[in-house]
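Below: the structure, in structure tokens.
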Amino acid sequence: MASSKNVTTFWEWGRKIICVGRNYAEHAMELKNAIPTEPVLFLKPSSAYVKEGAPVLVPYYSNNLHHEVELGVVIGKQGVSISQKAAMDHVAGYALCLDMTARDIQDECKKKGMPWTLAKAFNTSCPVSDFISKERIPDPHNLKIWLKVNDQLRQEGHTSSMIFSIPFLVSYISSIIALEEGDLILTGTPKGVAAVKEHDEIHAGLDGILSMKFTVQKQNP
Ligand SMILES: CC(=O)CC(=O)C(=O)O
Ligand SMILES: [Mg+2]
């Protein structure tokens with residue numbers, strides 16, 4: 001049945017945020033991770049969303065919050081075990097996203113074999129831009145994506161470098177987790193991830209499409 005809600009405000013829907021890790025070889029290598037042969041997946045709750053105008057918070061338990069700029073894919077039609085051929089029919093559009101990561105906590109979790117929840121799923125860990133309709137991006141694998149901190153370029157990548165394409169990811173994820181209208185898939189970050197601190201200004205963009213700005217604040221315990 002068609003929904004009365006509009007997917008252009010996907011961040012208000014309370015749906016899933018499914019993140020792909022290590023989808024750019026140069027980023028996997030900068031963190032000394034193996035290049036994956038299958039997508040690495042993790043989740044963020046919808047409470048991770050933050051929109052421009054509100055601050056990105058450094059969790060009180062972290063001393064090393066990293067930026068990861070990523071292309072987000074907004075799902076427009078539910079599906080399970082979607083074929084790669086049909087995958088783009090399930091995509092409503094895109095968003096520019098940040099996968100904010102408490103790297104010190106993630107490193108500890110990796111050592112202990114624990115899940116990444118504290119490192120990746122805290123409040124404000126998913127800053128997002130406005131919705132970008134599918135029509136505005138005819139080829140999502142031909143986009144320059146960048147991020148500056150206090151006007152200094154930190155990340156610059158090209159979505160053509162993704163190891164796993166968007167149709168592959170939609171198909172693969174939907175064979176494990178049912179996709180619903182309003183879900184968001186973060187497609188992984190290019191190289192250049194680094195720390196931000198209180199009062200920094202993060203400016204990220206998709207060349208020729210849009211950019212967004214966030215300031216960083218320390219969370220009170
Ligand atoms: C190691 C990571 O944090 C993986 C990740 O999120 C990525 O985008 O790559
Ligand atoms: Mg990421």
Side-chain angles (χ1 to χ4, degrees), residues 11 16-50 56-59 61-74 94-129 140-141 143-149 154-166 168-170 172-173 176-177 183-196 202 204-206 212 214 216:
W11 59 88
K16 303 183 288 298
I17 305 170
I18 303 149
C19 306
V20 179
R22 303 174 188 164
N23 199 22
Y24 288 78
E26 287 185 337
H27 169 60
M29 289 188 301
E30 76 179 341
L31 293 188
K32 302 192 171 33
N33 292 311
I35 294 169
T37 51
E38 275 193 33
V40 174
L41 301 183
F42 56 93
L43 296 170
K44 287 181 191 275
S46 55
S47 47
Y49 277 126
V50 59
V56 169
L57 300 175
V58 183
Y61 49 80
S62 173
N63 290 310
N64 192 16
L65 180 65
H66 274 200
H67 53 76
E68 295 190 359
V69 67
E70 311 200 1
L71 176 68
V73 175
V74 181
Y94 305 93
L96 180 63
C97 306
L98 304 181
D99 169 15
M100 298 306 296
T101 302
R103 196 70 71 198
D104 46 353
I105 307 302
Q106 188 188 33
D107 289 345
E108 273 177 39
C109 294
K110 282 189 201 167
K111 274 188 219 142
K112 292 179 186 160
M114 304 280 279
W116 294 354
T117 310
L118 266 68
K120 293 277 199 180
F122 53 88
N123 295 335
T124 78
S125 63
C126 191
V128 284
S129 73
H141 304 99
L143 292 171
K144 197 162 134 190
I145 187 166
W146 54 266
L147 181 142
K148 294 177 185 176
V149 177
R154 294 267 189 95
Q155 290 190 267
E156 192 173 35
H158 202 275
T159 55
S160 59
S161 307
M162 283 184 199
I163 298 170
F164 302 107
S165 70
I166 292 167
F168 181 88
L169 291 172
V170 168
Y172 178 85
I173 293 168
I176 302 161
I177 301 169
D183 283 351
L184 176 70
I185 299 173
L186 267 59
T187 56
T189 196
K191 72 171 179 340
V193 300
V196 289
I202 303 173
L206 277 176
M212 62 182 187
F214 288 88
V216 179

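All values reported here derive from a predicted model rather than from experimental measurement. Just follow the structure's listing: the first ligand is 1, and inside any ligand the first atom is 1. Note: hydrogens, waters and symmetry copies are ignored here, and every other heavy atom, side chains too, is used.
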Open item on the list: Looking only at distances, can you tell me whether any N or O atom of Thr189, backbone or side chain, sits closer than 3.5 Å to an N or O atom of ligand 1?
Closed with: yes

Open item on the list: Quick check for you: to the nearest 0.5 Å, what is the distance between Glu68 atom CD and Leu186 atom CG?
Closed with: 9.0 Å

Task: Check: Lys110 N/O within less than 3.5 Å of ligand 1 N/O - done: no

Open item on the list: On a heavy-atom basis, which atom in Arg103 and which in Val193 lie closest, and how many Å separate them?
Closed with: NH2-CG2, 3.6 Å

Task: From Ile173 atom CD1 to Phe168 atom CZ, the distance as rounded to the nearest 0.5 Å - done: 10.0 Å

Task: Heavy-atom donor-acceptor pair, Thr124 side chain to Leu57 backbone, under 3.5 Å - done: yes

Task: the Mg ion (ligand 2): protein N, O or S atoms [distance under 2.8 Å] - done: Glu68 OE1, Glu70 OE2, Asp99 OD2

TODO: Could you list which atoms of ligand 1 come closer than 4.0 Å to a heavy atom of Glu70?
DONE: 8 (O)

Open item on the list: Testing the basics here: between Leu71 and Ile145, what is the closest heavy-atom pair and its distance to 0.1 Å?
Closed with: N-CD1, 3.5 Å

Open item on the list: Looking only at protein heavy atoms, which one is nearest to atom 4 (C) of ligand 1, and what is the separation?
Closed with: Gly21 CA, 3.7 Å

Task: Interatomic distance, Met100 atom CE to Phe214 atom CZ [nearest 0.5 angstrom] - done: 10.0 Å

Open item on the list: Show me which atoms of ligand 1 lie under 4.0 Å from any heavy atom of His27.
Closed with: 7 (C), 9 (O)

Open item on the list: Check contact between Val20 and ligand 1, using heavy atoms of the residue and a distance below 4.0 angstrom.
Closed with: yes

- [ ] With heavy atoms of Gly188 as the reference, note each atom of ligand 1 found under 4.0 Å away.
- [x] 8 (O)

- [ ] Tell me which protein heavy atom sits closest to atom 5 (C) of ligand 1, plus the residue, atom name and distance to 0.1 Å.
- [x] Glu68 OE1, 3.3 Å

TODO: Can you sort out the partners of Ser161 under side chain to side chain donor-acceptor pair (under 3.5 Å), two or more places apart, ordered by chain and number?
DONE: none

Open item on the list: Tell me if the CD atom of Glu26 is crowded by more than 12 foreign heavy atoms within 6.0 Å.
Closed with: no

- [ ] Answer yes or no: does an N/O atom from Asp99 fall short of 3.5 Å to an N/O atom of ligand 1?
- [x] yes

Open item on the list: Heavy atoms only, cut-off 4.0 Å: how does Tyr24 contact ligand 1, side chain, backbone, both, or neither?
Closed with: neither

Task: Closest non-hydrogen atom pair between Ala195 and Asn64, with its separation - done: CB-OD1, 3.3 Å

TODO: Give the single entry among Arg22, Gln106, Glu30, Lys120 that approaches atom 6 (O) of ligand 1 most closely by any heavy atom.
DONE: Lys120

TODO: Could you establish whether Arg103 and ligand 1 come within less than 4.0 Å of each other, counting only heavy atoms on the residue side?
DONE: yes

- [ ] Mark up the atoms of ligand 1 that fall under 4.0 Å of a heavy atom belonging to Phe42, in ascending order.
- [x] 6 (O)

Task: Lys148 to Trp146, cation-pi by 6.0 Å centre distance and 45° axis angle - done: yes

